Structure formats: C-alpha cells, structure tokens
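Below is one structure; the comments refer to it alone.
Owing to the predicted nature of the structure, the values given are computational and were not obtained by experimental measurement. A note on names: the letters A, B, ... follow the listed sequences, proteins ahead of strands, and every chain is numbered from 1.
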Amino acid sequence: MSFITANWNPLGEAFYRKTELYEMSWSLRDGLRDSLVAAAPYGGPIALLREPHRRSPSSRPQLEIYSASGVSIASFPWKSGPVVQVGWTVSDELLLVQEDGSVLIYDVFGTFKRHFSMGQEVVQSQVLEAQVFHSPYGTGVAIVTGSSRFTLATNIDDLKLRRLPEVPGLQGKPVCWLVLTQDRQTKVLLSTGPDLYILDNTSCTAVSPPGLGPQSGSIVHMSVSFSYKYLALFTETGHLWTGPSHLQDKLNEVDTKNTNPPQQMVWCRRPKSQQPSVVLLWDKLLMVVGVRQDNIQFPIEEPCVLVGELDGVRILSSSQQELLQEVPLVCQEIFKIASMAPGALLLEAHREYQKSSQKADEYLREIKEQSMLGEAVRQCVEAAGHEYDSITQKDLLRAASFGKCFLTDFVPDPFVLTCRELRVLNSVRESSVGLPLTHTQFKQMTLQVLIDRLVYRQFYPLAIEICRYLKIPDYQGVSRVLKHWASCKVQQKDLTDEAIARAVCVKVGDSPGVSYSHIAAKAYECGRTELAIKLLDFEARSGEQVPLLLKMKRSQLALSKAVESGDTDLVYTVVTYLKNEMNRGDFFMTLRNQPVALSLYRQFCKLQEQETLKDLYNQDDDHQELANYQVTASYREKRLDSRLSLLQSAVDEYNKAKNEFSAKATEDEMRLLRFQRKLDDEKGAGLLGLSLQATMEALLALGLHKQAEQLYRDFRVPDKRYWWLKLKSLAEKEEWEELEKFSKSKKSPIGYLAFVDVCMKSNNRFEAKKYVSKVMPEQRVRAHLAVSDLEGAADAAIERKNESEMALVLSRSSTSDRLLIDRLNRAATVAKK
Amino acid sequence: MAHSARRDCPELPDFSLLKTLARDHLIYLLEQLPGKKDLFIEPDLMSPLDRIANVSILKQHEVDKLYKVEYKPVISTSDQLCFLIRPRLQTVKWICDVANADKAAGKCRRYKIIFTPKKFYSCDAVLEEQGIIGDVTTDEWSFYLLPLDDDIISLELPEFFRDNFLAGDQRWVKTAGSALHLIHSLYGPFTKIYGIGRCSKMAYESWREQVAEGEQRAQKAEIGKVFLIDRDVDFVTPLCSQVVYEGLVDDIFRIKCGCVEFGPEVTSSDKSMKVMLNSRDKVFNEIRNEHFSNVFGFLSQKARNLQTAYDKRRGMDIKQMKTFVSEEFKGLKQEHRLLSLHIGASESIMKQKTKQDFQELLKTEHSLLEGFEIRESISFIEEHINRRVSMLESLRLLCLLSITENGLLPKDFRSLKTQFLQSYGVDHLLTFANLRQLGLLVEQQPGEMLTVMESKVGKLVNDKTAGKLTDAFSSLARKSHFRALSRKLNLVPRSDEEYDLRVPRDMAYIFSGAYVPLSCKLVEQVLDRDGWTGLEEVTKLLNGHEFAVTGNKGADSKAKSDAQRIVLVMFLGGCTFSEISALRFLGREKGFRFIVVTTAITNSSRILESLLDNHV
C-alpha cells in the first residue's frame with residue numbers, strides 16, 4: 001500500500017505514473033518490428049499487418065487482429081494489394097488503405113464488409129501516405145498521392161471525397177503532416193521542410209507558429225492532441241514547440257537535446273488538466289515533456305507503439321501494455337506522502353480501525369473538527385474510480401464506507417454508482433475480454449456504447465449480466481443484446497432451421513423491443529428463407545411481418561397478415577404489389593377473398609381507374625354497384641343521348657339486381673330527361689337536369705300550365721304535392737283569381753290552412769280571409785290567428801270548448817281587449833266544469 | 001345563470017402544448033427546404049394551420065407566397081414549391097400534373113410535399129405511377145390534434161366518417177390510434193380505457209401497439225380514464241335538431257375550426273365578421289350550453305348589468321374616472337361588443353327558428369323519438385318533401401324515422417323515396433344506396449328473414465378474424481334497435497311531467513327535455529358501473545365490440561387523484577356540440593371533467609352531406 005507512489009514521477013507540479021495493464025497474451029515471433037500496427041482508442045482492438053511490403057504470392061503478409069490484451073481474434077494472409085496504412089473506425093471496424101487508393105473495411109472478426117475508393121486519379125499516382133482520423137462527424141481518411149495532392153473523406157459512412165488545393169513547391173510527400181478539425185472544418189497541416197502550410201477546402205495558407213524562431217530549423221514531426229486542441233511540433237534541431245492548434249499562441253518550447261526525429265509523438269493529458277504534456281518515443285527512450293523545461297525519461301528495451309487516449313497514453317510492446325497518465329489530483333491528495341487532505345486522513349483512520357487501534361478515532365476527530373468528513377468520503381470515492389488496481393479500489397471504498405457511517409446527511413448515490421461501475425469496469429478489463437478502459441474513458445464513451453462494443457465482440461453473456469446488474473431498462477439493455485445475439489445466431493450454418501428457431505424462441509421469448517421480423521430479415525439475408533418464415537411466426541405484430549413476406553415473395557400470406565394487422569396502409573402496400581405481380585384475373589380472385597383489401601382497392605379505382613372499377617363489379621356480378629356506377633357515369637356525360645344510353649344500361653343492371661324501385665326511378669328519369677329536352681328545344685325553357693318538382697315549378701312559373709298538368713299525370717305525382725306546388729306558384733305570381741278558382745276545383749287534399757298561410761306569406765290578408773271559413777274546425781283557431789282575427793279565433797275556440805286553444809288566443813290578445821279576455825275567461829271556466 | 005357546479009371539479013390539463021409541438025415540427029420541416037419558397041395549402045387545412053402558425057411565422061421561415069390548392073395550373077414564379085396537404089390521392093395527382101407541366105415547359109423547380117398527419121402508401125404509388133417520385137421530396141407533419149377549446153380537441157378529419165363507415169376503408173384508424181398515443185404520452189398514463197364499436201376497438205389496439213413499441217416514461221397522469229365510441233353506435237343524436245346555443249350556432253352559421261363568420265344581419269353593420277367561439281369569450285362561455293329558450297333572458301340580464309357598470313361613471317371624480325377607464329373600461333367595452341354580437345346572432349336564430357315550421361319540426365322529431373303518432377309524422381315528412389323545404393332536412397327526417405322505427409314499412413319506404421326523388425332529383429338514388437349501406441335508411445325486413453340473416457352474421461362476427469372481414473355484412477346486421485335501447489336506458493323521459501329548461505335535471509335538456517343522447521348516456525352508465533357489466537343487453541343491441549381495459553401497471557390505479565376524474569371521450573366519426581354540452585352537464589353533476597376528442601365536429605348536415613353522391 002505504501003508503495004503506491006513508487007511509480008510516480010514528478011513533472012512540474014504534477015506527477016506521472018505508468019501502470020501495467022496487461023502481460024500480453026500474444027506471442028509475437030518478431031515483436032512489433034517491421035509491422036504496421038493500429039490500435040483503436042478506448043481500449044479497442046489491435047491490428048497487425050506483418051511485413052506489409054512483401055509482395056510475392058508465395059509469402060503474403062499476415063493480417064492479425066487481437067484484443068487489447070493480446071488475445072487473438074482473427075488471423076489470415078493478406079491477399080489484396082499493398083497496404084499503406086491501417087486504422088480503426090469509431091465503431092471498431094478495420095480500415096486498410098491500399099496503394100491504389102482503395103480502402104477495404106473489415107469487421108473485428110476479419111470478415112470483409114465493403115470497400116470504397118479515394119478517387120480514380122489515385123490509381124495512377126498511388127497513395128504515398130495515409131491517415132485515419134476521428135472527428136465529431138465520424139471516422140475519416142486522408143491521403144497524399146504521388147502527385148503531391150491531398151484527398152480527404154471526412155466520414156467514411158457518408159462518403160464525400162474532397163480534393164484539396166495544390167501546395168506550392170511540394171514534390172513527393174511532405175516531411176510531415178496531420179489532419180486537424182477546427183471550427184467544423186477539416187484541414188490538413190503540413191510541413192514541406194522550411195515552410196508550414198494549412199490546407200483547407202479552397203486555399204493553401206502559409207503559417208508560422210508564434211515564437212518559433214528560424215534558428216530552430218524546419219519542422220520534421222508534428223502531433224495534435226486527442227481533442228484537436230493542442231499541437232506539438234518537433235524541429236530538426238531537436239526543439240519541441242507546443243501551443244494551441246489554432247497557432248495563435250504558444251505554450252512552451254523545449255530543447256529535447258535529441259536531434260533525431262522521434263518515431264512517435266503523442267499528447268498526454270487528462271480532461272480539465274492545466275498541464276498538457278507530450279510523450280516522445282525514440283528507439284531506446286521515452287520522454288515526457290511538460291510545460292516547463294523539465295522532463296521525465298524512461299529507458300525502452302523493446303520496440304513500442306504509443307496509443308493516444310482521452311486521459312493518457314497506452315504503451316504497447318510485444319510483451320506488455322502500460323498506461324502512462326498524469327496522476328489525477330484527487331489521487332495525489334490522498335496518496336502524496338504526508339498528505340493532510342481529508343481523504344488521506346480518512347484512509348488512514350480506516351486502516352487504524354482495521355488494526356483495532358484507537359488512532360482511528362483521532363484521525364476521524366481531526367477530519368470532523370474541520371467538518372470535512374463529507375469531502376473526505378467524496379475524495380475516497382472519486383479516487384477509487386481512478387485506480388486501476390482492485391485492492392486499492394477496495395481500500396478506498398471501504399474507507400469511504402467507514403466514513404459515511406459518521407455522516408447524517410449522506411447521499412449514497414455517487415458511492416453506489418461508483419461501486420457498480422467499478423465492478424463493471426473490472427470485469428471488462430479482464431484479460432479474456434480485454435477492454436482496458438479508465439473510468440474517465442468509460443464516462444465519456446457511455447454505458448450504451450460499452451454494451452454495444454461487447455455485443456459487437458460477441459460477449460453476449462457478459463453484456464446481459466451487465467445490463468441486469470446495472471438495471472438498465474430492458475428496452476435499451478437486455479433486449480438489445482438479445483436482438484444482436486439472435487441476428488448472429490441465425491447465421492450459424494452448422495445448425496438446422498428447426499434448432500435455431502427453437503433456440504432463438506427460448507432465449508428471446510417475448511422480451512420487449514426485440515422484433516422477430518428483424519431477426520427473420522437477417523436470416524433471409526443469409527439465404528435462409530425457411531428459417532425466416534419460421535421466425536416470422538413468432539412475431540406478434542402482423543404489420544411487421546408483411547414487408548419481409550413480400551420481399552420473400554410470399555405475397556398471399558403477406559396479404560392476409562396485412563389485413564389482420566388492420567393497418568390499411570399496409571394492406572394497400574400489398575395490394576399494389578400484387579397488382580403488378582399477378583395477372584388481372586388472379587389478382588381479382590385474390591381480392592375477392594379479402595373484402596377489406598377489395599374495398600380499399602375500389603376506393604383507389606374510384607379516384608384513379610374508373611374502368612377497372614367496372615371490371616371489378618362485373619367479375620363479382622354485383623349488378624347493384626354496376627348500376628350505381630353507370631348512374632354516376634351518366635352525370636359526367638354532357639351529351640343527352642350518351643347519357644340516356646348509360647342510364648338505360650343502369651336500368652338493365654338494376655333489373656338484374658332485382659331492384660325494381662331503382663330501375664323504375666331511373667326509367668322515370670330518362671322519360672323526364674326526354675321531356676325536358678323536348679320543351680327546351682320548343683320553348684327554350686332551360687329545364688334539362690332539373691328534378692321533377694323543379695321542372696313543374698319552372699313550368700308553372702313560365703305559365704305552361706298544360707305541360708305541368710301533363711307531368712302531374714304522367715309521373716303520377718301525388719295530389720298533395722301538386723296542390724302545394726300550384727298554390728305556392730300562384731301566390732308567388734299573385735294570381736289571386738286563378739288561385740280562388742283552383743281552390744274551388746275540388747276539395748283540397750292539403751286542407752285550407754295552407755292557403756291561409758301562403759297568402760299571409762305574400763302579405764295578402766284580404767285573400768287569406770277568404771279561405772279561413774273553409775279550414776277544418778280543428779285548425780280554424782290557428783287560421784283565425786294567422787290572419788290576426790282575434791275575435792274569430794276566440795269564437796272558434798269557444799265553440800270547440802278547447803281549453804288549450806283558448807289559452808293560446810289569450811296569450812295573443814293585448815290587455816286592452818278587456819271584453820275579449822273576459823269572454824274567454826268565462827268560457828274557460830265553463831269548459832273546466 | 002351558470003349551473004351550480006360541484007366545487008370539486010378537477011382542473012383540465014393544458015393542451016396548448018399540442019399546438020407548440022405541432023408548430024415546432026412544422027418550422028423544422030420548413031427549414032428542411034432552405035431558401036424562399038411558395039407554400040400551397042389544402043383548403044381545409046387553412047383554418048387549422050392558422051391556429052398553429054400564422055402567416056408571419058410562415059414568412060419568418062422563408063415562405064414567400066401562400067396559395068390555396070385549387071386544382072388549377074400554378075402561377076407561382078418561385079423555383080421552390082412546397083405543398084402542405086392531407087394524404088389524398090386527388091391532391092397528389094394534381095401535384096403530379098403541376099410537376100409534369102413544368103417538365104414539359106422545361107422549368108426546373110424543387111418540390112416538397114408535406115403530408116399531414118402522415119403519408120399513405122397509396123400517395124407514393126400515385127407519385128410513382130406519374131413518374132415524378134424522383135423529383136419530389138416528401139415529409140410528414142405529425143399534426144394530429146388541434147385543441148379547439150379548453151376541453152375540445154379535434155383531429156380535423158371530417159372524411160374519417162365517410163372513409164371508415166361507408167367505404168370500409170380503415171386508413172384513418174391508425175391515425176386515431178396515434179392521436180391517442182400522443183395524448184397518452186403527454187398526459188397519461190391512463191388507468192382505465194372503455195370503448196364501444198369496431199373502429200374504437202381497432203384504434204385502441206393500434207394505440208396499444210404503439211405504446212408497446214415506444215419507451216415508457218414514468219410521469220404523473222393528468223388524464224385518468226378514456227372512453228372511445230364509434231359514431232355509428234348512435235346516429236340518432238346527431239340527426240336531431242340542436243337547440244342548445246352552441247349547437248344552434250353551428251347548425252345555422254357553421255362553426256369552422258372554432259371560428260364562426262357572422263353575416264351583416266348579425267353584426268348590424270355592412271360587414272361580416274369572424275369571431276372565435278371558445279371559453280375565452282366570457283359571454284359565449286355562459287350561454288353556450290344553455291337551451292335556446294333561456295339565452296335571451298340571460299343576455300338581457302347581462303345587458304342590464306353592463307349598463308349599471310357603465311352608469312358607475314356618473315358621479316365619479318377625475319381620479320376615479322381615470323382608474324375606471326384604465327382598469328374596467330376596456331373589459332366592459334369588450335364585453336359590450338361580444339354581447340351585441342351574441343344578441344344579434346340570437347335574433348337571427350329566432351327569426352329562422354321561431355317560425356311555426358320549426359316548432360312543427362321539433363314536435364315531429366319528438367314524436368319520432370317517443371314513438372307516438374307515427375302516421376302524423378310521416379305525413380309531416382311527406383309534406384316537407386313535397387314542399388321542397390330543404391333537401392338535407394327532408395333527408396334527416398327520413399333517416400330519423402327509419403332509425404327510430406327500425407326501418408320503414410315497404411309501402412312507406414317506396415312512396416317516400418319516390419317523392420324525394422321527384423322533389424330533389426333522381427341522382428339521390430346513389431345517396432339512398434349509401435344510406436342503406438350505413439343502415440340509416442332501410443326497409444323493414446319481414447321478421448323471419450331478419451333472424452336468419454342475424455344468426456348468419458352473428459356467427460361471422462363471433463369468429464375473430466372473420467369479424468374483421470365482414471365489413472360489408474355488419475351494416476346489414478346493424479339494424480337499429482332504438483326503441484328497445486330507449487326503453488332499457490330510459491332515454492325518453494316521461495312526457496307528462498313539466499320540464500323546466502332553466503333548471504335541467506338530466507342531459508335531456510339539450511333536446512328540450514325530450515331525449516337523453518344515447519352516446520352520452522352510455523358514457524354515464526359505463527363510468528357509473530366502471531365497465532359494461534349489467535349492460536350486456538344494451539351492448540348486444542348495439543352490436544357488441546365493447547371493451548373495458550385496466551391500464552398499465554405503471555399507473556397507480558388506487559390513487560384517488562384529480563386525474564381519475566378527468567375523462568377523455570373520443571368520438572370516432574365526429575361529435576356534435578349538443579353532445580359536448582350534455583357531457584359538460586354530466587361532468588358538473590358527477591364531479592367529472594370531460595375532454596372531448598373527436599375526428600371532427602359534426603352535425604346532421606355535415607353527416608348527410610358526406611353521404612351525398614351526386615357528382616353534378
């Protein structure tokens with residue numbers, strides 16, 4: 001325990017420590033010599049291309065993929081063209097940039113995924129150097145070609161190649177270069193030797209780092225930090241310049257006393273740290289250079305590769321892997337020799353407590369006196385997160401746990417969370433898994449991504465354990481893992497369809513958010529249609545089954561599933577598909593068995609294909625609908641004879657449908673149309689298209705009584721209707737004599753109150769009064785009231801001895817009509833008796 | 001005159017959030033097409049859009065000119081055209097014509113179609129057929145719900161009724177499910193869901209599916225219970241004449257999207273005026289649910305109060321006058337303006353409705369509902385048709401007669417139809433075909449035939465999958481049992497008692513005390529019984545498809561919180577203002593607050609118009 005600071009090296013105000021992550025489980029014959037090495041950040045996998053320059057078919061270079069702990073994942077001879085650069089994407093896919101400009105993408109198991117090219121012209125000029133870089137937009141590739149031109153692809157998943165402008169005076173490749181992401185723009189910084197340029201989309205600008213004098217000589221190596229914030233430049237005289245990457249400022253300039261350009265130069269800083277430092281690697285020496293003049297030097301025994309991380313640098317050699325990082329402040333405070341920080345005291349207190357020494361109380365008192373106990377617990381918890389060694393973690397957490405017993409208002413969440421997270425981290429750091437993540441990296445990459453990575457590497461059980469342990473909602477956790485597992489399972493060629501379907505069903509069950517159709521689609525992709533259909537049967541939502549069934553050409557099944565789903569839009573999708581797929585007869589037959597689909601298709605036809613609609617009805621012998629269709633069509637027809645012929649076919653269809661009523665009505669309509677046409681021709685009456693009633697009205701208004709009479713008889717118009725019509729028409733034209741004559745022609749079928757009302761509507765009380773006496777007794781009171789004859793109304797009401805009518809008259813009479821009111825009241829009392 | 005409300009009525013959730021969401025989404029979509037663009041809007045989306053984002057907001061997002069979709073060649077000069085439409089084939093076809101015309105003229109423009117609330121596959125099919133699918137980009141504006149008032153939310157989909165109930169096209173059901181899902185995710189989780197009707201059931205299932213797919217967030221429920229009901233469960237209510245103020249205004253002036261246009265005869269000036277009708281209009285808020293006979297009394301009382309308030313000015317000193325003008329005067333002015341408007345509207349209504357015709361009409365309706373003096377009613381209808389008073393009114397009475405009498409006698413059926421055709425034109429043959437299909441106007445079947453048919457269909461309906469297929473049959477099976485329902489649920493109060501409309505004692509007041517709306521009665525009964533138990537006979541008469549489901553475990557059903565007394569009633573196929581008034585009354589009586597979600601506000605004219613098929 002007391003040796004925890006043994007590997008700390010002071011640099012300026014900070015300390016740096018080197019922690020061993022793994023004894024590498026690989027056994028490399030020639031170490032890392034003569035290999036292209038790429039290791040993904042965030043403890044990602046390592047790819048090695050051994051002897052990339054071998055070209056003879058008899059001895060091809062070997063491509064090997066390892067986990068970060070050196071467990072072999074894949075290995076195969078490289079049969080494609082010569083490789084210039086190897087790199088990993090953000091989603092752990094391997095990129096190999098070839099000399100001819102094509103980029104090949106493999107997954108972590110060495111399965112070829114796809115490829116793309118960096119441009120046609122590159123085939124001629126060849127790629128001299130390439131870099132794979134990460135930015136907020138994803139993973140990008142940059143190359144420099146034999147014609148000294150740069151080409152950039154900012155995001156390989158959304159490939160847009162950008163050819164950057166020419167660099168003046170550049171022959172061959174630059175001395176050194178790198179890719180910068182600044183202000184949402186991707187640029188290239190390059191040194192031609194004497195000059196430094198920034199290349200962006202449109203221009204090539206010469207720049208000079210502030211404070212770097214010409215005496216330092218030309219820049220031979222450069223490096224940018226993980227976050228693209230800082231830049232380090234190494235000159236031929238062995239000077240190291242550091243500054244922000246916008247080149248407006250300078251942090252430091254150090255003479256490394258080493259004029260050889262380093263093999264690798266990587267920034268080493270942790271987020272929020274004010275002391276960025278640069279790690280330089282030479283053949284036998286590793287040097288950490290800080291902001292001041294001092295540095296730390298480590299001797300190197302075997303070839304190494306540096307991997308820049310968010311909060312440090314991983315040093316990879318053929319035998320082991322170490323993490324070099326600045327000691328986090330909170331760890332410094334706790335472990336620094338003779339530290340009096342509350343966390344340090346608490347740790348000491350707990351240690352004494354375990355020894356059952358009363359000193360524990362003294363330490364505790366000391367913290368409590370400064371009322372720093374909360375802070376002490378916090379420090380211990382935080383420091384535990386930063387420690388890699390599980391014994392140290394436990395010590396710190398036990399101390400924190402001890403300390404919190406003496407707190408009354410302790411919020412347990414951070415403590416509990418750290419315990420859980422550390423447990424997860426320790427299990428993924430296991431050599432067999434090989435994800436050496438620090439707590440800071442874990443926080444940055446998020447739990448979601450960690451689970452994704454585990455799933456991607458097919459550590460399904462571990463991923464599920466973690467999801468359950470951290471109580472992630474099924475939807476984002478277990479279900480997601482199961483989905484990936486199942487998709488992978490269906491690709492296993494050595495198992496029967498039956499066995500796979502059963503295995504999947506047992507494991508997945510009905511976990512929320514796992515879609516069987518998704519799994520089935522995967523199975524179909526690998527050519528296992530039968531398995532796909534089996535899996536689809538488990539899918540509860542029939543709507544999800546349809547698109548895949550269509551894809552697999554099971555259209556009938558798709559149609560019934562679509563109908564079952566009740567989603568009309570889906571039914572429609574299938575119907576359109578079938579329509580193009582089948583011949584017309586079969587198509588109609590299929591629809592016939594699916595009424596929902598049929599009615600839907602009819603709707604579509606009504607708007608789009610009238611003729612098809614007719615065919616549909618014809619096939620079904622649906623005469624009623626056919627007739628309706630003909631009637632509809634007749635209204636679109638302008639010419640009378642074609643209109644009549646359509647109506648005639650409608651009549652025929654109605655007859656076939658045994659709908660005599662409609663047949664008769666349509667026949668009548670035809671007769672009426674002919675009649676209207678005749679009159680229009682003779683008298684220009686403009687009747688065509690009017691209803692029977694409207695026609696008669698028009699005729700009466702024109703004074704064509706005879707013709708109206710004819711319609712009345714021909715169409716057997718009810719008497720009542722005709723009387724109303726004539727009454728209204730005569731009153732409107734104010735032909736009062738004619739009206740009187742009409743009223744006497746025979747007994748009115750509509751009574752005479754109607755006459756009174758109509759006359760009053762025309763404000764002719766004189767005429768109205770003529771008919772009052774003819775009104776039937778039970779309506780006579782109302783008739784009298786209508787012509788405002790209160791006396792008459794009162795008489796009639798009294799005569800009929802009807803109370804409610806008397807009340808009605810009373811309500812209408814004004815108070816001045818004393819006599820009338822008295823009379824009514826008297827009559828009312830009599831009536832009551 | 002406001003009713004003595006129970007004091008413990010819970011507060012309604014704030015639905016303005018729905019508007020904000022819709023607006024933000026629209027702006028996002030408009031920004032997807034950078035640069036100046038002309039926007040073409042489907043006519044029936046104009047008013048809803050105006051409630052969400054007015055012209056100045058659109059202009060801020062580089063909309064240059066606004067056009068109505070009119071199925072004519074476009075005259076726009078912009079090189080970017082954006083179309084905001086419902087997913088209707090006809091409109092899509094028109095856009096294709098526009099694009100193809102441009103192509104022929106060698107004009108190069110960018111087209112973007114924004115479908116709302118979602119795109120249908122058939123739209124894509126049309127685009128493909130017309131060969132322009134590569135020339136347009138499409139998007140979906142998920143604008144599902146428009147809050148018309150504090151307690152009314154509309155999907156603004158009037159075609160839902162015809163598409164679903166007449167054409168058997170269930171394309172909108174999922175939309176209804178999504179709308180419910182939206183409410184659920186914002187104001188849920190629901191503790192209990194009741195429903196009746198095939199479409200309700202499908203909408204419910206679609207919603208459940210969407211809940212299962214999405215993630216669930218634990219939140220405090222603001223709406224506890226939900227009741228889904230199909231319009232075809234109750235056709236009687238929307239076919240009756242409305243006599244509650246808001247319903248009358250809708251029947252006569254047509255309220256569009258919560259806004260009404262009063263003509264010069266109401267405004268007593270030479271201009272017509274658009275007025276928003278909602279709870280923010282204080283005068284309207286007090287009379288909207290009143291029977292029309294009370295409205296005048298209330299308005300005159302109000303006018304007197306207003307006068308007194310104005311009169312306070314007399315005898316004020318300068319300082320008092322100043323505070324009066326700055327504090328009260330504006331409010332009084334506003335109230336004055338509204339009052340005169342509503343008085344104008346009432347007068348106009350009076351003029352139309354107090355004619356003897358209207359009284360007779362109401363009398364006939366009431367006899368139909370009660371089932372008395374049917375012959376007299378038939379002759380009244382006959383006369384109504386013969387005099388060609390109004391086509392829609394005649395049709396309405398015919399349908400009401402058919403539903404309440406369980407179909408017309410063959411003799412009446414033929415004669416009334418003949419007379420109707422003679423009066424209004426033979427093209428209504430098609431209308432009759434539609435009405436028959438919906439079961440709105442049918443011939444009485446001789447007893448024997450009916451039972452055979454019933455048992456046949458009954459078998460089909462019992463089988464689950466077959467139930468989904470027997471769309472065409474279900475309408476035949478849907479014979480009306482109004483009389484039996486009316487007896488079971490006591491829908492028609494005894495007529496010998498005097499009904500005081502000023503102090504309503506039940507929901508029947510919205511129909512002058514003659515009839516309790518069936519739809520609202522069902523809501524009341526189911527809430528009382530917490531389910532359908534005891535209503536088995538009723539649901540059988542209504543053709544079943546009833547359900548009552550307890551919501552997810554997430555919602556604490558024991559919590560007797562306010563949310564449990566907030567009930568959302570969703571009408572699939574539209575609801576009338578009278579029904580809303582009835583529910584408001586029910587809420588006050590029982591201490592509930594009802595939120596009405598409807599596919600559209602409807603009334604008898606709108607229902608019947610949607611069933612006309614005369615393409616003249």
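Within the 4.5 angstrom heavy-atom criterion, atoms from both the backbone and the side chain of V717(A) approach chain B. For K664(A), no part sits under 4.5 Å from any heavy atom of chain B, backbone or side chain. Of the atoms belonging to K93(B), it is side-chain heavy atoms, and not backbone ones, that fall under 4.5 Å from chain A. Using a 4.5 Å cut-off between heavy atoms, L421(B) touches chain A through backbone and side chain atoms alike. For E129(B), the part lying under 4.5 angstrom from a heavy atom of chain A is the side chain only. With a threshold of 4.5 angstrom between heavy atoms, D163(B) approaches chain A through side-chain atoms but not through N, CA, C or O. With a 4.5 Å cut-off on non-hydrogen atoms, T576(A) touches chain B through its side chain but not through its backbone. Looking at Y424(B), the atoms closer than 4.5 Å to chain A (heavy atoms on both sides) all sit in the backbone: N, CA, C or O. Contacts between Y601(A) and chain B at a heavy-atom distance below 4.5 Å are absent for every atom of the residue.
By the 4.5 Å heavy-atom criterion applied to side chains, V426(B) and D668(A) are not counted as neighbours. By the 4.5 Å heavy-atom criterion applied to side chains, Q422(B) and P718(A) are counted as neighbours. Between H428(B) and S691(A), the closest side-chain pair of non-hydrogen atoms is not below 4.5 Å.
Note that CD of Q624(A) is 6.5 Å distant from CZ of R436(B), once rounded to the nearest 0.5 Å. Atom OG1 of T418(B) and atom CG of L692(A) lie 11.0 Å apart (nearest 0.5 Å).
Contacts with chain A were tallied for W172(B), F432(B), Y121(B), F413(B); Y121(B) has the most, counting heavy-atom pairs under 4.5 Å. The candidate with the highest count of non-hydrogen atom pairs below 4.5 Å against chain A, out of K119(B), R414(B), K417(B), R387(B), is R387(B).
Looking at every heavy atom in both residues, R721(A) comes nearest to F420(B) through NH2-N, 4.4 Å.
Around atom CD of Q448(A), more than 12 heavy atoms belonging to other residues, nucleotides or ligands sit under 6.0 Å away. Other residues, nucleotides and ligands contribute over 12 non-hydrogen atoms within 6.0 Å of the NZ atom of K579(A).
Looking at S423(B), its side chain never comes within 3.5 Å of a backbone N or O of Q693(A) through a donor-acceptor pair.
Under the rule for a side chain to side chain donor-acceptor pair (under 3.5 Å), the partners of R375(B) that lie at least two apart in sequence or sit in another chain are D412(B).
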